[in-house]
> 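Here you go, one structure.
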Protein chains: 2
Amino acid sequence: MADKDISQAVISRLPRYFRYLGDLKEKGVERISSQELSDIMKVTASQIRQDFNNFGGFGQQGYGYNVNYLYDEISKILGIDKQHSLVIIGAGHLGQAIAGYTNFTRRGFVFKGAFDCNPDLYGTKIRDVEVRPVDEMEDFVRKYNIEIAVLTIPKEQAVPMAHKLVECGIKAIWNFAHVDLDVPNNIQVENVHLSDSLMKLSYNINRYENPNNSPSK
Amino acid sequence: MADKDISQAVISRLPRYFRYLGDLKEKGVERISSQELSDIMKVTASQIRQDFNNFGGFGQQGYGYNVNYLYDEISKILGIDKQHSLVIIGAGHLGQAIAGYTNFTRRGFVFKGAFDCNPDLYGTKIRDVEVRPVDEMEDFVRKYNIEIAVLTIPKEQAVPMAHKLVECGIKAIWNFAHVDLDVPNNIQVENVHLSDSLMKLSYNINRYENPNNSPSK
DNA sequence: TACACATTGTTAATAAATTCTCAAATATAA
DNA sequence: TTATATTTGAGAATTTATTAACAATGTGTA
């Protein structure tokens with residue numbers, strides 16, 4: 001955990017490399033240089049090389065990078081060469097959107113269960129998985145040793161639910177509730193705060209339209 | 001646009017400040033010091049002061065910050081003191097989740113239209129708004145002068161759709177498709193790449209479990 | 001096989017972001 | 001009213017991230 005720490009800035013860029021490499025792979029491209037990748041991705045070649053070097057460097061002088069090899073290595077780094085079990089807590093539209101997104105399955109995220117507190121949803125199915133009452137979550141997570149919980153519930157319920165999940169031995173929470181969770185730091189949390197994202201967009205619209213409403217410095 | 005540029009790192013933190021200030025406001029807290037806010041938010045007091053100072057500084061020595069005032073100022077900076085019109089392109093679960101999220105409305109994002117290419121959805125309603133055929137999008141966006149388009153469609157369709165939107169005079173795109181859009185830089189784009197976020201989570205799980213699979217340096 | 005060329009990995013330089021420090025300003029209590 | 005305690009805003013110091021430079025190493029060709 002505490003060895004050669006790699007900054008989250010680097011980690012954040014890996015999925016994007018992975019996406020572009022996947023595209024290249026599909027196109028049948030065998031090799032690529034950092035410069036070529038730089039042109040496609042609009043980041044500096046230097047950054048690409050620096051990023052890969054955090055993990056030892058996967059290229060070869062005079063040749064570049066082998067697309068397939070690099071793709072596989074990144075998938076190992078990201079841990080998507082293994083399967084991860086996942087439950088969705090909150091089977092509303094957002095929960096269903098995520099559950100139904102088949103690409104996640106392709107990346108090894110296996111959707112095992114869905115829970116909600118709305119009785120109307122009990123027994124309805126999302127991709128062969130039955131929606132269960134949320135009280136059954138604890139037993140289910142323990143029994144099947146679920147790794148990841150996707151929290152798509154209102155923020156008021158998110159905090160107590162996170163605590164319950166931690167008690168059941170969950171390893172990670174993908175949090176869509178608009179609240180910061182306070183969990184032990186052996187539990188991984190990744191927040192998706194959609195409203196934050198939308199506000200950023202709003203800022204940039206505003207900024208572009210009224211460039212001169214900045215402080216009098 | 002090109003005056004006292006504020007870094008996107010700062011902008012990214014504003015919505016979180018805004019969220020915490022909203023909570024404080026609701027609790028009836030009138031004033032707060034950067035140190036108190038630091039304790040609550042788990043960021044350094046110095047960063048809080050530095051961030052606010054980018055916009056001129058809203059506090060007073062010996063007193064701290066007035067919660068209501070600061071809240072209002074941040075909402076102005078973020079441009080959420082004004083209304084923004086918005087259409088959703090792709091009325092699947094994700095599109096519906098976003099359209100249905102009433103908090104956005106509260107923040108001034110007014111949901112005006114929804115479009116899809118699935119005839120089964122035409123005429124169905126999402127919060128009083130009828131789902132229309134996607135061919136009608138262009139006229140609609142032009143006619144009602146829509147500012148923001150939310151792209152919740154598959155990546156193959158996202159790129160041509162973005163081009164169409166730009167032609168219709170859209171100002172900003174909130175992009176949920178797993179692809180990078182290439183639009184003129186007067187168009188604001190905010191990406192929400194969910195699979196990237198999930199991969200980051202996967203990395204951190206992996207990292208925590210196998211701390212020693214780092215390169216031999 | 002030998003030589004020119006390409007391209008990485010790595011170190012150094014630069015830029016950006018964060019944290020520290022403290023004088024100046026204000027609030028509050030005596 | 002004055003003295004003391006707070007707390008900001010701003011500049012300096014530090015840390016982190018990004019970009020540039022180039023020697024080392026391999027590729028591909030004649």
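Below, chains carry the letters A, B, ... as their sequence lines are ordered, and counting in each starts from 1. Nothing here was measured: the structure is a model prediction, and the numbers come from that model.
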> Just checking, Arg127(A) and Phe111(A): is the charged tip under 6.0 Å from the six-membered ring centre and within 45° of the axis?
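No cation-pi geometry.
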> With heavy atoms under 4.0 Å as the rule, sort Tyr65(B) into base, sugar-phosphate or nothing.
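The residue Tyr65(B) makes sugar-phosphate contact but no base contact.
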> Which nucleotide wins on minimum distance to the side chain of Gln47(B), given the candidates dT18(C), dA25(C), dA27(C)?
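The answer is dT18(C), which lies nearest to the side chain.
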> Give a yes or no on this: more than 12 heavy atoms of other residues, nucleotides or ligands lie within 6.0 Å of atom CD of Glu30(A).
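Not buried by this count: 12 neighbours or fewer within 6.0 Å.
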> Can you check the Ile48(A) CD1 to dA17(D) P distance for me, whole Å?
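Spelled out: CD1 on Ile48(A) to P on dA17(D) is 18 Å.
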> Can you measure Leu37(B) atom CG to dT7(D) atom C1' for me and round it to whole angstrom units?
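It is 14 Å, rounded to the nearest whole Å.
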> From CZ of Phe58(B) over to P of dA25(C), roughly how many Å is that when rounded to an integer?
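Those two atoms, CZ and P, are 20 Å apart.
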> Counting side-chain heavy atoms from C-beta on, which of dG26(D), dG28(D), dA17(D) comes nearest to Gln60(A)?
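Given the options dG26(D), dG28(D), dA17(D), the side chain of Gln60(A) is closest to dG26(D).
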> What is the distance, rounded to the nearest whole Å, between atom OH of Tyr69(B) and atom C1' of dT8(D)?
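The answer, rounded to whole Å, is 14 Å.
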> Does the cation-pi check pass for Arg31(A) over Tyr65(A), that is, NZ or CZ under 6.0 Å from the six-membered ring centre and within 45° of its axis?
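Relative to the ring axis of Tyr65(A), which defines the angle, Arg31(A) lies outside at least one limit.
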> In whole Å, what is the span from the CD atom of Gln35(B) to the C1' atom of dA5(D)?
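Answer to the nearest Å: 15 Å.
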> Choosing from dA10(D), dA17(C), dT10(C), which nucleotide comes nearest the side chain of Asn53(B)?
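Ranking dA10(D), dA17(C), dT10(C) by closest atom to the Asn53(B) side chain puts dA10(D) first.
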> For Gln60(A) and Asn66(A), test the side chains for any donor-to-acceptor distance below 3.5 angstrom and give the result as yes or no.
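No, no side-chain donor-acceptor contact under 3.5 Å.
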> In whole angstrom, what separates Phe52(B)'s CZ from dA10(D)'s P?
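So the CZ-P distance, Phe52(B) to dA10(D), works out to 15 Å.
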> Both Ser34(B) and Val10(A) contact DNA chain D. Which one's nearest nucleotide lies toward the 5' end?
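The residue closer to the strand's 5' end, by nearest nucleotide, is Ser34(B).
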> Do the side-chain N or O atoms of Arg31(B) get closer than 4.0 angstrom to the phosphate oxygens (OP1, OP2) of dT6(D)?
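Arg31(B) to dT6(D) OP1/OP2: no side-chain N or O under 4.0 Å.
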> Both Gly62(A) and Thr44(A) contact DNA chain D. Taking the nearest nucleotide for each, which residue is further toward the 5' end?
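It is Thr44(A), whose closest nucleotide lies nearer the 5' terminus.
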> Whole-Å distance between dT18(C) C1' and Asp51(B) CG?
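Rounding to the nearest Å, CG of Asp51(B) and C1' of dT18(C) are 10 Å apart.
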> Contact class for Gln50(B) (heavy atom, under 4.0 Å): base, sugar-phosphate, or nothing?
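Here Gln50(B) touches the bases of the nucleic acid.
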> Describe, in one word, how the ring planes of Phe58(A) and Phe52(A) are oriented to each other, choosing from parallel (under 30°), tilted (30 to 60°) and perpendicular (over 60°).
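Correct class here is tilted.
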> Just how far, in rounded Å, is C1' of dT27(D) from CD of Glu30(A)?
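Going from CD in Glu30(A) over to C1' in dT27(D) covers 15 Å.
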> If the cut-off is 4.0 Å, is Arg49(B) near the phosphate of dC22(C), judged by side-chain N/O to OP1 or OP2?
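So the side-chain polar atoms of Arg49(B) never come under 4.0 Å of the phosphate oxygens OP1 or OP2 of dC22(C).
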> Nearest to the side chain of Gln61(B) - dT19(C), dT7(D), dT19(D)?
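For the Gln61(B) side chain, the nearest candidate turns out to be dT7(D).
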> With a 4.0 Å cut-off on heavy atoms, is Ser46(B) in touch with a base, just the backbone sugar-phosphate, or nothing at all?
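Contact class for Ser46(B): base.
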